[in-house]
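The block underneath contains the structure these notes are about, expressed in structure tokens.
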There are 2 protein chains.
Amino acid sequence: MAVPLYQAKAEFFRMLGHPVRIRVLELLGEGPQPVRSLLADIGIEPSSLSQQLAVLRRAGIVTSSREGTNVTYELAGPDVADLMRAARRILTEMLTGQAELLDELREPHTSGAPTGRA
Amino acid sequence: MAVPLYQAKAEFFRMLGHPVRIRVLELLGEGPQPVRSLLADIGIEPSSLSQQLAVLRRAGIVTSSREGTNVTYELAGPDVADLMRAARRILTEMLTGQAELLDELREPHTSGAPTGRA
DNA sequence: TTATCAATTGAATACTTTTGCAATTGTTGA
DNA sequence: TCAACAATTGCAAAAGTATTCAATTGATAA
């Protein structure tokens, strides 16, 4: 019955692996947001957004609350923002690494002289 | 042509979202490992492991090098370990939160008195 | 060269996730 | 109560991923 930890981790990352879900988490990083405004920022079908919000809710990293006819979402905990920061750091480094590699491929015979577009 | 950042992030997380890939990254966190030993630790078909290693290689978070007839993998950078740590922290907290919620659901009328299996 | 072993690739099948439409729920104001 | 609006759910079609087996590559040693 116990889920192995590596499987829980995989599910957690998979849950993050969707552009709309990333955007939602980043918007919620700035504070609680009504669905209406997520919808305006992201610009997809309401039902698609709801589906993705449901994924985040089921995973427990966001919570929602109804105020009259609107629903507001917020991050369930502060660690989510940490994770996004860690991911950004890695991505930045990886993309930088790739850019350097590309430069090397473009100029295979340079050896230290800056090209002006480092 | 430029990939939006939120999409790059989503792809990155999706790339992490597989139990075998998580296990590989954790094993590589302890240092470089030959395929042979990953295979022994994880216990799946060689071709399945190769497929997952290929995903990690394409993403650029591991590198491989051949020594004679064996291939050794290692993490491409130290930040990957950071990310895994951040993820572990969140997961731990989330699982703890769920356990507490479960306790509350089990004993809906308690209000502070410990049950003995907190 | 050929046999052998480690690792990888290709390709078909099975599986899971995403998407978009229609139908539904919940809430407010007329 | 009924109309109107926000958000959600159900579901079928489409898109994307994983798994497996057979075929292939690369390296070594007989």
Would you mind writing out the side-chain donor-acceptor pairs for residues 14-29 of chain B within the sub-3.5 Å range, not counting sequence neighbours?
residue : atom : partner : partner atom : Å
B/Arg14 : NE   : A/Gly17 : O            : 3.3
B/His18 : ND1  : B/Val20 : N            : 3.1
B/Arg21 : NE   : B/Met15 : O            : 2.6
B/Arg21 : NH1  : B/Gln52 : OE1          : 2.7
B/Arg21 : NH2  : B/Arg14 : O            : 3.3
B/Arg21 : NH2  : B/Met15 : O            : 3.4
B/Glu26 : OE2  : A/Lys9  : NZ           : 2.3

Please report the closest heavy-atom contact between [X] and [Y], naming both atoms and the distance.
| X | Y | value |
| --- | --- | --- |
| B/Thr63 | B/Ala76 | CG2-CB, 4.2 Å |
| A/Leu39 | A/Pro46 | CD1-CA, 3.8 Å |
| B/Thr72 | B/Pro32 | CG2-CB, 3.9 Å |
| B/Arg57 | B/Ser50 | NH2-O, 4.3 Å |

For each nucleotide in nucleotides 18-24 of chain C, reading 5' to 3', give B when a protein heavy atom comes within less than 4.0 Å of its base, S when such contact involves only the sugar-phosphate, and - otherwise.
SBBB---

Return the CD1 to CG distance between A/Ile44 and A/Leu49, rounded to the nearest 0.5 Å.
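Between atom CD1 of A/Ile44 and atom CG of A/Leu49 there are 5.0 Å.
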
Length of the [atom1]-[atom2] vector between [X] and [N], whole Å:
| X | N | atom1 | atom2 | answer |
| --- | --- | --- | --- | --- |
| B/Leu49 | C/dT9 | CG | P | 12 Å |
| A/Arg58 | C/dT17 | CZ | P | 10 Å |
| B/Leu16 | D/dA18 | CG | P | 12 Å |
| A/Glu67 | C/dG26 | CD | P | 18 Å |

Which atoms of nucleotides 5-7 of chain D (N or O only) lie under 3.5 Å from a protein N or O atom, and what are those distances?
residue : atom : partner : partner atom : Å
D/dA6   : O4'  : A/Thr69 : OG1          : 3.3
D/dA7   : OP1  : A/Arg36 : N            : 3.2

Are any non-hydrogen side-chain atoms of B/Leu53 and B/Val62 less than 4.5 angstrom apart?
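No, their side chains stay 4.5 Å or more apart.
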
